[in-house]
Amino acid sequence: MDFNFNEEQSLIQGQVSQFIQRDYDWEKRQELSNSERGFSDENWKQFGELGWLGISISEASGGFGGSSLDTMIIMEEFGKGLVVEPFLETIVLSASIIDEAGSQQQKDEVLNKVIEGNLHLATAFSEPQSRFNLEDVVTTGTKQDDSYVINGFKSVVMNGPAADKFIVSVRTSGSQSDNEGITLFLVDSDQKGVSKRDYSTVDGRKACELTLEDVLVPSDAIIGKEGNGLGLLKESINKGILAVSAEAVGAMEVLYKTTVEYTKTREQFGQAIGKFQVLQHRMVDMFMEYEQAKSLLYMATIKHSEGAKDADKAIAGLKYHIGKAGKFVGQQSVQLHGGMGVTDELNVGHYFKRLTTIGTIFGNSDYHLTKYSKL
Amino acid sequence: MDLNFSEEDISFQSEVRDFLSNDYPDDIKDKQDKRIPLNKDEIIRWQKLLASKGWFAINWPKEYGGTDWSPTKKYILQNELASANAPVLIPFGVNMCGPVIYTFGTEEQKEEHLDKILNSDVWWCQGYSEPGSGSDLASLQTKAEKVDDKYVVNGTKTWTTMAQHADWIFCLVRTETTEIKQEGISFLLIDMKTPGIEVKPIITIDGSHEVNMVYFDNVEVPTSNLIGEEGQGWNIAKFLLMHERSGIAGIAALKRELSRLKEISATIENGNGVLLDDPDFRKKLESTEIELTATEFTELRTLSAMSSGGSPGAESSILKIKGTELQQTISELFIEMLGYYAHPFFEEDKIGTNETVGPDYAAPAMPHYLNYRKVSIYGGSNEIQRNVISKAILGL
């Protein structure tokens with residue numbers, strides 16, 4: 001048994017960590033987050049040059065053939081810097097689907113550009129009524145000769161505003177919550193009938209509402225086979241869960257450490273507030289939640305990268321804990337910072353907000369505990 | 001023991017209900033229902049309307065324009081107003097500074113300020129916390145030096161709620177450096193228009209501008225604005241804390257929000273059913289309801305003890321802790337209920353317009369959740385409240 005990163009992995013970790021320390025200070029992050037685009041295209045290109053964007057993409061598709069372990073390393077560091085560049089959306093969720101199941105034509109059209117940092121993707125899997133149920137799809141795709149006509153609505157599509165192409169889950173047969181009959185389509189954002197309503201999300205990122213109205217796509221816009229979309233989507237979401245969990249672990253590390261430091265310097269009643277036992281125990285609990293989260297993260301990521309049979313269950317367990325731990329660490333970091341914790345100026349509140357959205361994205365703790373108990 | 005209202009109480013309850021259905025201004029109601037923050041004028045208009053009914057300063061003694069109501073009658077009014085989601089009163093004048101002035105003030109001070117508070121003609125804010133003095137309020141450093149018939153005030157106050165609207169501020173200031181730090185504190189009323197005062201906004205994590213820094217640079221205040229004696233400020237502050245009774249309205253508001261959660265979650269699809277029928281979500285709602293009921297009756301017991309001559313002591317710390325924990329739990333359940341639609345984020349002035357996305361009830365939920373992280377911090381953090389209970393009640 002060995003929980004150490006290998007040489008290559010340590011190298012990447014060092015690289016990402018250095019990038020965040022050197023090029024991603026808090027003011028810069030806020031500036032990017034508050035900009036119209038919501039992130040830096042220059043950074044994104046740099047990620048491409050450093051090989052990060054292709055790390056998890058197969059060698060056959062021009063990537064480095066890494067596993068979810070490599071993604072974890074990057075995402076954990078991104079979590080520490082609260083990076084807003086859409087690595088999760090373009091790379092982890094979307095490029096992986098194309099790499100896994102796309103036709104050669106789709107791979108050629110998409111993956112090289114993605115790896116170089118010249119193309120953005122978003123996966124549109126949620127609908128207003130679907131909550132966290134991926135199989136609950138009412139957006140329809142109707143076959144018309146050798147084409148499909150897509151009609152429907154996708155809600156809170158992460159990275160939608162920047163996406164050049166969308167992967168959209170569409171019901172091509174069956175009824176609302178059938179597991180069968182869901183098909184993934186690759187749809188250009190500027191395609192006729194596609195309209196977006198862009199907005200910011202509370203964690204300082206961007207999303208959109210996506211309306212598809214009589215969108216006519218050729219059948220070769222299908223990713224994989226017709227009706228087989230749910231399996232692909234679930235695998236993509238599993239990768240997404242591992243990635244946001246790694247991000248959460250990075251964010252929790254920053255929060256518990258920042259809080260400990262703050263309580264060492266903030267004095268009330270003639271002493272550092274970190275001397276009060278009630279706060280010490282609170283911080284010990286925060287620290288333990290973080291450690292437990294990291295343990296589950298490593299366990300689930302290793303299982304996933306090895307294709308273990310119980311990987312799904314491990315991932316559900318991880319996401320349950322991340323929701324719970326992220327909430328506790330986030331809320332208590334704010335609480336222990338007192339009034340300062342609720343200011344927009346201090347970074348603590350922003351880490352808390354990202355942990356809050358991570359708690360919901362891909363299903364909250366309740367959802368995953370139920371899922372866990374069924375697996 | 002009797003949990004029932006008298007006939008008189010019931011008839012008052014219907015009077016309040018009639019008022020709310022006939023006289024609650026439509027524009028204000030509409031904003032409240034949509035959870036759009038009210039502006040200053042709307043708040044004042046509402047407070048004046050209540051005052052015209054004699055329903056504003058209900059805790060004040062009758063001789064100053066208050067009431068001689070029983071605790072039950074006060075409970076009924078506040079309960080009905082909160083159940084209808086009527087605007088929350090701004091407490092700084094009516095519930096805080098007013099009682100201080102009629103209890104400790106001179107005749108001139110009463111003359112000058114009380115009627116203006118009753119009529120909401122003057123907006124007050126509270127100058128307590130400082131950057132270095134939060135939980136340890138008595139360590140405050142804002143100095144008031146007596147020069148002839150004036151105090152010269154220098155220092156910084158923070159977390160000053162709605163100072164941007166305020167005409168006056170009541171401040172705790174240090175008039176003397178003493179061995180026991182509480183002894184050198186005085187209670188001073190300051191006109192916000194006095195030269196040397198600067199208000200700077202603090203933006204909070206929900207994106208709103210509710211609190212401020214208030215800087216005092218050689219601000220000259222007439223000594224006649226001192227309340228009580230020099231050095232009596234800490235006792236006045238303690239009196240004020242005991243006197244703050246916004247709890248009842250708090251409980252009614254929580255009941256209202258909890259039933260709103262039930263109503264909305266009964267309409268949210270979740271797999272083959274609705275969210276309200278999800279056993280996990282439902283259990284959280286139910287356990288919150290039980291905790292809320294317990295808190296309501298703890299409060300009623302406290303009120304009842306007070307009406308038979310007791311004074312609310314450390315028991316108010318129980319209500320502060322439980323009340324704020326419930327506020328936070330309920331705001332959190334809204335976020336859970338909304339799923340992804342908790343995430344789109346819009347500026348305050350977009351809420352209630354068609355510029356937001358998702359269902360109408362979605363947009364205000366996250367700002368509310370974030371904003372309510374403050375409730376376990378302000379007014380004496382919940383950690384401090386637990387210290388109070390352990391010392392004053394448990395004798396530890």
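Reminder, nothing fancy here: chain letters follow the sequence lines and each chain counts from 1. Hydrogens, waters and symmetry mates play no part in the numbers below; they use all other heavy atoms, side chains included.
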Response to the item:
Assert top hit (heavy-atom pairs under 4.5 Å, partner chain A, pool B/Thr356, B/Leu338, B/Asn371, B/Leu275) equals B/Leu275
Worksheet, complete the sentence: Heaviest contributor of heavy-atom pairs below 4.5 Å to chain A, chosen from B/Met366, B/His343, B/Glu269, B/Glu332, is B/His343
Fill in: Within residues 362-369 of chain A, residues adjacent to chain B where the heavy-atom gap is under 4.5 Å
A/Phe362, A/Gly363, A/Asn364, A/Asp366
Worksheet item: Measuring heavy-atom distances to chain A, does B/Pro131 have an atom under 4.5 Å in its side chain, in its backbone, in both, or in neither?
Response: backbone
Fill in: Residues A/Gln335 and B/Ser376: side-chain donor-acceptor under 3.5 angstrom
yes
Worksheet item: Hey, are B/Asn272 and A/Ser177 close enough side-chain-wise for a donor-acceptor pair under 3.5 Å?
Response: no
Would you mind reporting whether [Y] and [X] have side-chain heavy atoms less than 4.5 Å apart?
{"X": "A/Thr356", "Y": "B/Tyr369", "value": "yes"}
{"X": "A/Thr343", "Y": "B/Trp159", "value": "yes"}
{"X": "A/Ile361", "Y": "B/Tyr340", "value": "yes"}
{"X": "A/Glu345", "Y": "B/Ile203", "value": "no"}
{"X": "B/Glu383", "Y": "A/Arg282", "value": "yes"}
{"X": "A/Thr370", "Y": "B/Asp280", "value": "yes"}

Discussion item. Listing request: all salt bridge (Lys or Arg N to Asp or Glu O under 4.0 Å) pairs with a residue in residues 123-137 of chain A, at least two apart in sequence or in separate chains.
Written reply: A/Glu127-A/Lys154
Worksheet entry | Shortest non-hydrogen separation from B/Ser135 to A/Phe269 and the atoms involved | O-CZ, 3.4 Å
